[in-house]
There are 4 protein chains.
Amino acid sequence: MQEVKLSRREREKLRQRRQMLAAALELFSEKGFHNVSMHEIAKRAEFAIGTLYKFFKNKEDLYKALVMEKAEEYHRVLMGVLSEEKDVLTVIEGYIVAKSRLFTDNLPILRLYFAETRGASFNIRAGLDQDIQRLYDKFIMRLVSVLQDGVRRKVFREMDPYHMAVALEGLTNAFLFCWMEDPEQHPYETNVPFIRDMFLNGVLNK
Amino acid sequence: MQEVKLSRREREKLRQRRQMLAAALELFSEKGFHNVSMHEIAKRAEFAIGTLYKFFKNKEDLYKALVMEKAEEYHRVLMGVLSEEKDVLTVIEGYIVAKSRLFTDNLPILRLYFAETRGASFNIRAGLDQDIQRLYDKFIMRLVSVLQDGVRRKVFREMDPYHMAVALEGLTNAFLFCWMEDPEQHPYETNVPFIRDMFLNGVLNK
Amino acid sequence: MQEVKLSRREREKLRQRRQMLAAALELFSEKGFHNVSMHEIAKRAEFAIGTLYKFFKNKEDLYKALVMEKAEEYHRVLMGVLSEEKDVLTVIEGYIVAKSRLFTDNLPILRLYFAETRGASFNIRAGLDQDIQRLYDKFIMRLVSVLQDGVRRKVFREMDPYHMAVALEGLTNAFLFCWMEDPEQHPYETNVPFIRDMFLNGVLNK
Amino acid sequence: MQEVKLSRREREKLRQRRQMLAAALELFSEKGFHNVSMHEIAKRAEFAIGTLYKFFKNKEDLYKALVMEKAEEYHRVLMGVLSEEKDVLTVIEGYIVAKSRLFTDNLPILRLYFAETRGASFNIRAGLDQDIQRLYDKFIMRLVSVLQDGVRRKVFREMDPYHMAVALEGLTNAFLFCWMEDPEQHPYETNVPFIRDMFLNGVLNK
DNA sequence: CATGAATGAGGGTTCATTCAT
DNA sequence: AATGAATGAACCCTCATTCAT
């Protein structure tokens, strides 16, 4: 929508920015934040180092932009799925499928994403943590409300829907981690139904 | 037992080593591997930088020693629990309890532990990854064999025990992460039974 | 000739490089490789340490560049003299004169040069040794062939021309060392004819 | 003579000192002054580092002791030869032979010796230079007086005997350097007569 | 406005030397 | 007297960032 309004100059800028972020993503996911230099990024993106600094005020800022951008994309996709007006079970399955696909399509960013949302996020000083956390909390709240709805409709047992959400997150992440480590051995097609059944067995009203 | 044999000199050495590792753990878990300097660690441990290098031949070695030491301790504890000669359900519950306690008692090291066993560890070049991975693989295999036994005894449904293990890991980790982030909100006492029920509902033979 | 083509930028670069090498030469010849720090060189050359590393990838590289540059210059000059189409005696005398002048004009580099062509250069790990050695070997072979020519033409006695070359080198070096240590006492004007006579008395056909 | 007076304690001390110097010589001549650590020397000599420092107040002192000891030995030997009551020609030949033998027997120390008396002696700060220089000057003066005597006796031409000495030094060193670099190619047996003839042709009265 | 040369703080590491035991 | 653990100054080098062109 708003894209219509962009001048040629602004579009060009955006293209350059994307190019830089893409180069940075490649390098960061290959070698990690601290093992990549700004010069390296500039070179890979085919810009001068000074130009890089015109777009991002420092290395941390670049990193944050990179992770946030992807986090927002994920957020958008997953929130979209959770907001569909379908019955709970379909929504849940849809969520599992969508998340799996997200992983499958974006392997490189995932290490970064998890490095930040989970555990090992001391790479980067504060700030980023909070922004991502906020996004993630919003998402969890949405998931909780979907599950709560399922409880209200007696599709699920009487359980704390927050716990249910945590369980679902744990199950999906665990299998997707397996897939990340060895895609052949743990294919998408086996994981998705297994996660779904495992989850539903734990929560469905008998 | 063997400690009786240690000379005063050796005991002193061990005490120093522990002091250094403790200082390093504090700093690494506060700021991450790359944001901590050897000088900083030496200072916090109250030794000269040269003394630090007498104990650990370089920064990576120190880090590896730190993480491996803890990993081996966890491995020992959890393997012990999984090897008890009790019925499967008791063993599983015992495992959940033990893992919870391990987390509860060792919060600082956990970020490091997860940074290494899970995804985002480009912090350290190879080597460590592999050693820890090997330990973790061994543990998973033990867990798989416990679950497989449960399947054979018809306690559990006919399911791939590896998948079951992944599911159990996913559930425990997810709840323990929650606890890590906000211990008050997600107390140990609520988490353990929830994890257990969630897991068992998914796998028990009806 | 080719200098005409250099852009202002390139000329500036060259000037800086020369400045750094000059500073390094001063310091190295004052205190030796190991007693000079890169910071010291940078400071004396009036550049930041980082700039120094833009030009030379490490300390050894800088040292090697310094020594090789001069070695090549000497090589060029002396080879030139030995290649002139004159009678052997003139060429030999020309060589003695040229070598003396080279010493006289480049006192500081000489200690380095001798440190490398002669004996005591464990300062620097391999590599340089070989490159310089190769250059020096080439030069000696040229000298040998000049002397051999003299033997063929019956100007010199029937002697091993390699031995003659070694003798000539020994004589020139010895006198030039004396001059290096005390230029007043052992002036160029007395040394040159003495070296020539001494050498010729040893080799001339009577 | 004075050794008779040494107590057992003092003899033991001397033995230790020699052991340390021997270890240091091995290491220095293998790797050069700056690439050998005091710990390394202590270890090779099989003493504690502290004991090393009881004998030599610092690394430079150890180095100086090492080089001076050998220098004095050489000095003694060569001065002895030059002081024999024989005719000049025999003395000169004796000197060439003795010097050759000294080289042949003490290859390891030679690189150090030349590093200090010639050219590349910035390894060590002043002090050593002067002491060795003084010794060497004494020796040269002795050589000069031997040669002067030859001139007086009309064995040699009317030449500056100092120049003659320098020439003799240059010739012997050059051939001995060749031998150092490739002992097979430049054997002692060919070098000695060549040096003698070369020198004598330059100086003998016809 | 894009560029990339220049900067220098700060990191990991070594090793000569001291001193309590 | 002999020891060797402990020290910390100083080294080489990297890289995020700035700014004149």
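What you see is a predicted model; the values in this text were computed from it and never measured.
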For DNA chain F, determine which residues of residues 43-52 of chain A have any heavy atom closer than 4.0 angstrom to one of its atoms, and list them numerically.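 Listed by number, they are A:I49.
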Between atom [atom1] in [X] and atom [atom2] in [N], what is the gap in whole Å?
X: A:I41; N: E:dT3; atom1: CD1; atom2: P; result: 16 Å
X: B:F55; N: E:dT14; atom1: CZ; atom2: C1'; result: 17 Å
X: B:N35; N: E:dG12; atom1: CG; atom2: P; result: 10 Å
X: B:Y53; N: E:dG11; atom1: OH; atom2: P; result: 11 Å
X: D:K59; N: E:dC15; atom1: NZ; atom2: P; result: 8 Å
X: B:K57; N: E:dT13; atom1: NZ; atom2: P; result: 10 Å

Side-chain atoms of residues 42-50 of chain B: list all donor-acceptor pairs with protein atoms under 3.5 Å, sequence neighbours left out, distances to 0.1 Å.
residue : atom : partner : partner atom : Å
B:R44   : NH1  : B:E26   : OE1          : 2.4

Between B:H39 and A:M38, which has a closest nucleotide on DNA chain F that is more 5'?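 Looking at the nearest nucleotide for each, B:H39 comes out on the 5' side.
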5′-ward residue of the pair C:E40/A:N58 relative to DNA chain F: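 Result: C:E40.
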Residues in side-chain hydrogen bond (donor to acceptor under 3.5 Å, both in side chains) with [X], at least two apart?
X: D:E10; result: D:S7
X: B:E69; result: B:R17
X: A:R18; result: none
X: C:R15; result: C:E12

At a heavy-atom distance below 4.0 Å, which nucleotide of DNA chain F is the first touched by chain B, and which is the last?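 Span of nucleotides near chain B: F:dA5 to F:dA10.
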May I have the step-by-step check of side chain to side chain contact (heavy atoms under 4.5 Å, CB included) for A:I41 and A:F28, ending in yes or no? CA-CA 9 Å; A:I41 297 170; A:F28 284 147; 3.9 Å; yes
When we call it a touch if two heavy atoms are under 4.0 Å apart, what does C:Q16 touch: a base, just sugar-phosphate, or nothing?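 Touches sugar-phosphate only.
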Using both pair distances under 3.5 Å as the test, note the stems of at least 3 consecutive Watson-Crick or G-U pairs that include DNA chain E.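 Detected stem regions: E:2-21 with F:2-21.
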The criterion is salt bridge (charged side-chain N to carboxylate O under 4.0 Å, His left out); which residues satisfy it with D:R9, sequence neighbours excluded?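 D:R9 satisfies salt bridge (charged side-chain N to carboxylate O under 4.0 Å, His left out) with no other residue.
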Please name all residues satisfying salt bridge (charged side-chain N to carboxylate O under 4.0 Å, His left out) with C:E72, sequence neighbours left out, ordered by chain then number.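 Partners of C:E72 by the salt bridge (charged side-chain N to carboxylate O under 4.0 Å, His left out) criterion come out as none, since no residue qualifies.
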Test: A:D131 and A:R134 ion pair at under 4.0 Å: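 Counted as a salt bridge, because a side-chain N and a carboxylate O are separated by less than 4.0 Å.
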Test your reading of the model: is there a side-chain donor-acceptor pair from C:E30 to the backbone of C:L27, 3.5 Å cut-off?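 Looks like no, no N/O pair under 3.5 Å.
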Measure from the side-chain N and O atoms of A:K59 to the backbone N and O of A:V36, and report whether any donor-acceptor pair falls under 3.5 Å.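 Confirmed, A:K59 side chain pairs with A:V36 backbone.
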More 5' along DNA chain E: B:V36 or C:K13, using each one's nearest nucleotide?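 Mapping each residue to its closest nucleotide by heavy atoms, the 5'-most match is C:K13.
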